[in-house]
Amino acid sequence: MSWTVTSPRVTRDGRQVYFASNAGYGVGSAGTTTSAIFAVDVREVRLRVLGWMGTFEGSVLDVVPSPDGGKLLILLARHDSNAHVNTYAYVADLGRKTMRELIVGSAPKGTLTVLNSSCWLADSRHVALSVAYPRPEALTRVNDFTPPPGAHALVVKESASGRAVSRVAGATGVACGPQ
(Lines give C-alpha, C1' and ligand atoms only; values in the text may rest on other atoms or scores of the structure.)
Protein backbone atom coordinates (compact mmCIF):
# COMPACT_ATOMS: atom_id res chain seq x y z
CA MET A 1 0.00 0.00 0.00
CA SER A 2 1.09 3.55 -0.67
CA TRP A 3 0.26 5.81 2.27
CA THR A 4 0.30 9.57 2.23
CA VAL A 5 -0.08 11.70 5.34
CA THR A 6 -0.31 15.49 5.47
CA SER A 7 1.77 17.55 7.85
CA PRO A 8 0.18 17.71 11.29
CA ARG A 9 -1.46 21.06 12.13
CA VAL A 10 -1.87 22.10 15.76
CA THR A 11 -4.62 24.40 17.00
CA ARG A 12 -3.50 27.66 18.57
CA ASP A 13 -4.41 26.39 22.07
CA GLY A 14 -2.28 23.27 21.49
CA ARG A 15 -5.10 20.86 22.39
CA GLN A 16 -5.82 19.31 19.00
CA VAL A 17 -3.72 18.13 16.08
CA TYR A 18 -5.29 17.53 12.66
CA PHE A 19 -3.98 15.66 9.63
CA ALA A 20 -5.25 13.63 6.67
CA SER A 21 -4.24 10.26 5.34
CA ASN A 22 -5.37 8.23 2.39
CA ALA A 23 -8.07 5.82 3.43
CA GLY A 24 -8.38 3.83 0.23
CA TYR A 25 -6.10 2.15 -2.22
CA GLY A 26 -3.36 3.55 -4.41
CA VAL A 27 -2.04 7.06 -5.00
CA GLY A 28 -1.90 7.24 -8.79
CA SER A 29 -3.29 9.52 -11.44
CA ALA A 30 -6.31 7.26 -11.88
CA GLY A 31 -8.02 9.09 -9.02
CA THR A 32 -8.20 5.97 -6.87
CA THR A 33 -7.18 7.70 -3.66
CA THR A 34 -9.65 8.51 -0.94
CA SER A 35 -8.62 10.52 2.09
CA ALA A 36 -9.93 10.87 5.64
CA ILE A 37 -9.36 13.57 8.26
CA PHE A 38 -7.98 12.62 11.67
CA ALA A 39 -7.85 14.46 15.00
CA VAL A 40 -5.53 13.84 17.93
CA ASP A 41 -6.58 15.02 21.38
CA VAL A 42 -3.20 15.99 22.86
CA ARG A 43 -4.22 15.74 26.54
CA GLU A 44 -5.77 12.30 26.23
CA VAL A 45 -3.41 11.14 23.46
CA ARG A 46 -6.45 9.86 21.60
CA LEU A 47 -6.62 9.48 17.82
CA ARG A 48 -9.97 9.54 16.05
CA VAL A 49 -11.15 9.76 12.49
CA LEU A 50 -13.66 12.53 11.83
CA GLY A 51 -16.09 10.08 10.27
CA TRP A 52 -18.95 12.57 10.00
CA MET A 53 -17.01 14.16 7.13
CA GLY A 54 -16.88 10.91 5.23
CA THR A 55 -13.95 10.37 2.90
CA PHE A 56 -12.70 12.70 0.20
CA GLU A 57 -12.13 11.50 -3.35
CA GLY A 58 -8.58 12.60 -4.11
CA SER A 59 -5.52 13.47 -2.05
CA VAL A 60 -5.85 15.92 0.80
CA LEU A 61 -3.01 18.43 0.56
CA ASP A 62 -3.49 20.20 3.89
CA VAL A 63 -5.83 20.48 6.86
CA VAL A 64 -5.63 23.93 8.50
CA PRO A 65 -7.46 24.72 11.76
CA SER A 66 -9.01 28.18 12.07
CA PRO A 67 -7.47 30.56 14.63
CA ASP A 68 -10.30 29.79 17.09
CA GLY A 69 -9.96 26.02 16.49
CA GLY A 70 -13.63 25.64 15.56
CA LYS A 71 -13.24 25.01 11.82
CA LEU A 72 -10.91 23.28 9.37
CA LEU A 73 -9.84 24.44 5.93
CA ILE A 74 -9.34 21.29 3.85
CA LEU A 75 -7.36 21.54 0.60
CA LEU A 76 -7.69 18.66 -1.82
CA ALA A 77 -6.26 17.69 -5.23
CA ARG A 78 -8.22 15.43 -7.51
CA HIS A 79 -6.98 14.40 -10.90
CA ASP A 80 -8.62 12.57 -13.74
CA SER A 81 -5.35 12.42 -15.67
CA ASN A 82 -1.94 14.06 -15.57
CA ALA A 83 -3.33 16.90 -17.68
CA HIS A 84 -6.48 17.41 -15.58
CA VAL A 85 -5.78 18.13 -11.91
CA ASN A 86 -8.23 20.28 -9.96
CA THR A 87 -7.80 21.77 -6.49
CA TYR A 88 -10.72 22.01 -4.08
CA ALA A 89 -11.17 23.86 -0.80
CA TYR A 90 -13.70 22.93 1.87
CA VAL A 91 -14.50 24.34 5.29
CA ALA A 92 -15.65 21.94 8.00
CA ASP A 93 -17.42 23.44 11.02
CA LEU A 94 -16.39 21.12 13.85
CA GLY A 95 -19.14 22.23 16.25
CA ARG A 96 -22.02 22.00 13.79
CA LYS A 97 -20.52 19.07 11.88
CA THR A 98 -21.18 20.68 8.52
CA MET A 99 -19.08 21.03 5.37
CA ARG A 100 -19.05 23.72 2.69
CA GLU A 101 -17.16 23.76 -0.60
CA LEU A 102 -15.36 27.12 -1.04
CA ILE A 103 -13.77 26.60 -4.45
CA VAL A 104 -16.18 25.30 -7.04
CA GLY A 105 -14.94 21.82 -7.84
CA SER A 106 -15.90 22.03 -11.47
CA ALA A 107 -13.86 24.83 -12.98
CA PRO A 108 -15.35 26.85 -15.84
CA LYS A 109 -15.68 24.64 -18.94
CA GLY A 110 -12.31 23.82 -20.47
CA THR A 111 -10.26 25.02 -17.49
CA LEU A 112 -8.67 23.65 -14.32
CA THR A 113 -8.79 24.99 -10.78
CA VAL A 114 -5.31 25.89 -9.49
CA LEU A 115 -4.86 27.09 -5.91
CA ASN A 116 -1.68 29.07 -5.29
CA SER A 117 -2.15 29.65 -1.56
CA SER A 118 -4.76 30.08 1.16
CA CYS A 119 -5.11 31.05 4.79
CA TRP A 120 -7.59 31.86 7.53
CA LEU A 121 -8.19 35.47 8.47
CA ALA A 122 -7.81 36.23 12.19
CA ASP A 123 -11.60 36.38 12.72
CA SER A 124 -11.95 32.63 11.95
CA ARG A 125 -14.94 33.55 9.75
CA HIS A 126 -13.15 34.27 6.47
CA VAL A 127 -10.71 32.41 4.24
CA ALA A 128 -8.40 34.04 1.68
CA LEU A 129 -7.65 32.02 -1.47
CA SER A 130 -5.44 32.75 -4.48
CA VAL A 131 -7.06 30.87 -7.38
CA ALA A 132 -6.54 30.64 -11.14
CA TYR A 133 -8.57 28.85 -13.82
CA PRO A 134 -6.12 28.13 -16.68
CA ARG A 135 -6.78 26.05 -19.76
CA PRO A 136 -4.81 22.76 -19.56
CA GLU A 137 -2.92 23.50 -22.79
CA ALA A 138 -1.61 26.77 -21.26
CA LEU A 139 0.34 24.79 -18.63
CA THR A 140 3.58 23.65 -20.23
CA ARG A 141 7.21 22.97 -19.35
CA VAL A 142 8.05 26.53 -20.44
CA ASN A 143 6.00 27.96 -17.54
CA ASP A 144 6.73 25.08 -15.12
CA PHE A 145 3.13 23.94 -15.53
CA THR A 146 1.88 26.93 -13.52
CA PRO A 147 -0.42 29.76 -14.56
CA PRO A 148 1.09 33.24 -14.98
CA PRO A 149 0.80 35.50 -11.91
CA GLY A 150 -1.84 37.68 -13.56
CA ALA A 151 -4.15 34.69 -13.97
CA HIS A 152 -4.75 34.42 -10.22
CA ALA A 153 -7.31 36.30 -8.18
CA LEU A 154 -7.43 36.78 -4.43
CA VAL A 155 -10.86 35.77 -3.23
CA VAL A 156 -11.97 36.26 0.37
CA LYS A 157 -14.91 34.05 1.28
CA GLU A 158 -17.13 33.71 4.33
CA SER A 159 -16.53 30.24 5.69
CA ALA A 160 -20.13 29.72 6.83
CA SER A 161 -21.90 30.70 3.61
CA GLY A 162 -19.17 30.35 0.97
CA ARG A 163 -20.07 33.84 -0.27
CA ALA A 164 -17.24 35.87 -1.81
CA VAL A 165 -16.85 39.16 0.03
CA SER A 166 -13.81 40.46 -1.84
CA ARG A 167 -12.00 39.74 -5.10
CA VAL A 168 -8.68 41.21 -6.30
CA ALA A 169 -7.38 40.27 -9.75
CA GLY A 170 -3.70 39.36 -10.15
CA ALA A 171 -3.06 38.25 -6.56
CA THR A 172 -0.62 35.37 -6.94
CA GLY A 173 -0.35 34.49 -3.27
CA VAL A 174 -1.91 35.20 0.10
CA ALA A 175 -0.38 35.38 3.55
CA CYS A 176 -2.63 36.27 6.44
CA GLY A 177 0.19 37.01 8.86
CA PRO A 178 0.19 36.73 12.65
CA GLN A 179 -3.07 35.76 14.22
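Please read these numbers as outputs of a predicted model, since none were measured by experiment.
The OG atom of Ser130 sits 7.0 Å away from atom CG of Leu115, with the distance rounded to the nearest 0.5 Å. Considering OG of Ser117 and NE2 of His152, their distance stands at 7.5 Å, rounded to 0.5 Å. Rounded to the nearest 0.5 Å, atoms CG (Leu61) and OG (Ser7) are 11.0 Å apart. Note that the CG atom of Leu129 and the CZ atom of Arg167 stand 10.5 Å from one another [nearest 0.5 Å]. In this structure, Ser159 OG and Arg100 CZ are separated by 9.0 Å, a value rounded to the nearest 0.5 Å. Distance CH2/Trp120 to CG/Leu73: 6.0 Å, rounded to 0.5 Å.
Contact between Ala20 and Val63 at its shortest, heavy atoms only, is CB-CG2, 3.9 Å. In terms of heavy-atom proximity, Val17 sits nearest to Pro8 at CG1-CB, 3.6 Å. Scanning both residues, Ala164 and Lys157, for their nearest heavy atoms gives CA-CG, 4.0 Å. Between Leu94 and Gly69 the shortest heavy-atom distance is CD1-O, 3.6 Å. In terms of heavy atoms, Ser59 sits closest to Ser35 at CA-OG, 3.6 Å. Taking all atoms of both residues into account, the shortest heavy-atom contact from Pro67 to Leu121 is CG-O, 3.6 Å.
Residues passing the salt bridge (charged side-chain N to carboxylate O under 4.0 Å, His left out) test with Arg163 are Glu158, sequence neighbours excluded. Scanning for salt bridge (charged side-chain N to carboxylate O under 4.0 Å, His left out) contacts around Arg48 gives an empty result, with sequence neighbours left out. Considering only residues two or more places apart in sequence or on other chains, Glu137 meets the salt bridge (charged side-chain N to carboxylate O under 4.0 Å, His left out) condition with none of them. Take Thr6 and apply the side chain to side chain donor-acceptor pair (under 3.5 Å) test, not counting sequence neighbours, and it matches no residue. For Arg43, there are no salt bridge (charged side-chain N to carboxylate O under 4.0 Å, His left out) partners two or more places apart in sequence or in a different chain. Scored by the side chain to side chain donor-acceptor pair (under 3.5 Å) test, Asp62 finds Arg9 as partners (sequence neighbours excluded).
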Exercise for the section: Starting from the C-alpha separation in whole Å, work towards a yes-or-no answer on side chain to side chain contact (heavy atoms under 4.5 Å, CB included) for Leu72 and Val91. Expected result: CA-CA 6 Å; Leu72 297 175; Val91 168; over 6 Å; no
Problem - Chi angles and distances behind the side chain to side chain contact (heavy atoms under 4.5 Å, CB included) call for Val155, Ser166 - result: CA-CA 6 Å; Val155 181; Ser166 181; over 6 Å; no
Handout entry: side chain to side chain contact (heavy atoms under 4.5 Å, CB included) between Thr113 and Val131, worked out
Key = CA-CA 7 Å; Thr113 305; Val131 185; 4.0 Å; yes
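Counting only heavy atoms from C-beta outward, the side chains of Val114 and Thr146 never approach each other to under 4.5 Å. Looking at Val42 and Arg15, their side chains never come closer than 4.5 Å, going by heavy atoms from C-beta outward. At a threshold of 4.5 Å between non-hydrogen side-chain atoms, the residues Asp123 and Asp68 do not count as touching. Residues Tyr18 and Ile74 have side chains not in contact (no heavy-atom distance under 4.5 Å, counting atoms from C-beta outward).
Thr55 pairs in a side chain to side chain contact (heavy atoms under 4.5 Å, CB included) with only one of the listed residues (Ile37, Asn22, Thr34), which is Thr34.
Between Phe38 and Phe19, the ring planes are parallel. Angles under 30° get that label, and only those over 60° would be called perpendicular.
A distance below 6.0 Å separates the ring centres of Phe56 and Tyr90.
With hydrogens and angles disregarded, a donor-acceptor distance shorter than 3.5 Å links the side chain of Ser66 to the backbone of Lys71.
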